[in-house]
Amino acid sequence: MLKLNWVLKGFNELSNNEWYEIAKLRSDTFIVEQNCHYQDFDNYDQMSDHLFLKKDSQIVAYMRLIPSGHFYPEASFGRVIVKATERGSGYGKTMLEKGLRHLLVNMGEPVIKIQAEAYLEKLYRSFGFRVISKPYLDYDIWHVDMLLEASLNALDG
């Protein structure tokens with residue numbers, strides 16, 4: 001029987017195996033799949049919360065939740081991944097709902113700013129984000145900056 005388990009942990013709570021699986025998933029997705037050569041380990045993991053989905057015992061979705069005052073003056077999230085074989089499952093949308101709820105409710109963050117891959121703009125708009133920049137290239141991938149001001153309306157719909 002299939003077992004799905006959403007997990008939220010601080011950096012120091014992650015097991016060695018969990019951290020290895022997360023790092024491998026990030027590398028497989030952002031460096032190999034997107035052919036993007038960048039420094040993934042940027043010193044924001046240690047102060048972040050890490051939300052991930054275990055399907056049976058394998059991590060298949062992940063996002064990093066960064067408190068305000070670190071990456072931006074506002075809270076942020078990033079490294080949003082659904083494993084290639086699991087895309088289209090709805091895991092990404094569920095993960096965003098859970099991650100936003102954690103930032104807005106549990107962490108009490110009033111504003112969330114993200115650097116979104118441009119093709120995901122419509123998805124983030126559906127959660128109440130608005131574009132605050134012109135499109136720009138970052139590591140040869142089009143991005144836009146987006147902002148969400150505290151609102152659970154998008155999460156309650």
Within a radius of less than 6.0 Å around CG of Asp140, do more than 12 heavy atoms belonging to other residues, nucleotides or ligands occur?
-> no

Hey, mind stepping through Met146 and Arg125 against side chain to side chain contact (heavy atoms under 4.5 Å, CB included) and telling me if it holds?
-> CA-CA 9 Å; Met146 300 185 80; Arg125 280 185 186 275; 3.9 Å; yes

Consider only side-chain N and O atoms of Ser68 and Glu74, and report whether a donor and an acceptor are under 3.5 Å apart.
-> no

Minimum side-chain heavy-atom gap Leu123-Leu96 below 4.5 Å | yes

Would you say Asp145 and Val131 make side-chain contact, with heavy atoms under 4.5 Å?
-> no

Return the minimal non-hydrogen interatomic distance between Asp42 and Arg79, and the atom names on each side.
-> OD2-NH2, 3.1 Å

Point-to-point distance, once rounded to the nearest 0.5 Å, from CG of Leu51 to NE2 of His102 | 8.5 Å

Reported CG-to-CD distance for the pair Asn16 and Glu21, which is rounded to 0.5 angstrom = 12.5 Å

Please tell me if the side chains of Leu65 and Ser48 come closer than 4.5 Å, counting only heavy atoms from C-beta onward.
-> no

Going from NZ on Lys93 to NZ on Lys98, what distance comes out if it is rounded to the nearest 0.5 angstrom?
-> 13.5 Å

Determine whether Met107 and Asp49 make a side-chain contact, defined as any pair of heavy atoms from C-beta on separated by less than 4.5 Å.
-> yes

Backbone N/O of Glu86 and side chain of Ser89: donor-acceptor pair under 3.5 Å = yes

Any chance CG of Asp56 has more than 12 other-residue heavy atoms, nucleotides or ligands included, within less than 6.0 Å?
-> yes

Would a hydrophobic clustering, with Ile, Leu, Val, Met, Phe, Trp and Tyr connected at side-chain separations under 4.5 Å, put Leu120 with Leu103?
-> yes

Proximity of Phe11 and Trp19 rings by center, below 6.0 Å = yes

Any chance you could lay out the side chain to side chain contact (heavy atoms under 4.5 Å, CB included) test for Tyr44 and His70, step after step, and finish with the verdict?
-> CA-CA 7 Å; Tyr44 294 109; His70 294 284; 4.3 Å; yes

Please step through side chain to side chain contact (heavy atoms under 4.5 Å, CB included) for the pair Lys113 and Ile132, ending with a clear verdict.
-> CA-CA 9 Å; Lys113 181 177 180 180; Ile132 59 168; 3.9 Å; yes

Give the minimum heavy-atom separation between Ala61 and Leu25, together with the two atoms involved.
-> N-CD2, 4.4 Å

All heavy atoms of Glu109 vs all of Pro67, minimum pair found to be OE2-CA, 3.6 Å

Set of side chain to side chain donor-acceptor pair (under 3.5 Å) partners for Lys24, sequence neighbours left out = Asp28

Geometric class of the Phe77/Tyr124 ring pair [parallel <30°, tilted 30-60°, perpendicular >60°] | tilted

Hey, what do you get for CD (Gln58) to NZ (Lys83), rounding to the nearest 0.5 Å?
-> 3.5 Å

Taking all heavy atoms of Arg64 and all of Ile66, pick out the closest pair and write down the distance.
-> NE-CD1, 3.8 Å

Check: His50/Tyr62 side-chain N/O donor and acceptor closer than 3.5 Å | yes

If you look at every heavy atom in Leu14 and Glu18, which pair is closest and at what distance?
-> CA-OE1, 3.5 Å

Quick one: pull up CG in Leu8 and CE in Met63 and give me the separation to the nearest 0.5 Å.
-> 10.0 Å

Side chains of Lys55 and Leu2: does their closest heavy-atom pair fall under 4.5 Å?
-> yes

Heavy-atom neighbours of Tyr136 OH exceed 12 at 6.0 Å | yes

Minimum side-chain heavy-atom gap Phe127-Leu148 below 4.5 Å = no

State the OG-NZ distance between Ser15 and Lys9, to the nearest 0.5 angstrom.
-> 5.5 Å

Could you please spell out the steps behind the side chain to side chain contact (heavy atoms under 4.5 Å, CB included) verdict for Phe41 and Arg26?
-> CA-CA 10 Å; Phe41 299 106; Arg26 284 169 34 171; 4.3 Å; yes

Side-chain heavy atoms of Leu53 within contact of Leu4, under 4.5 Å = yes

Side chains of Leu100 and Ile112: closer than 4.5 Å at any heavy-atom pair?
-> yes

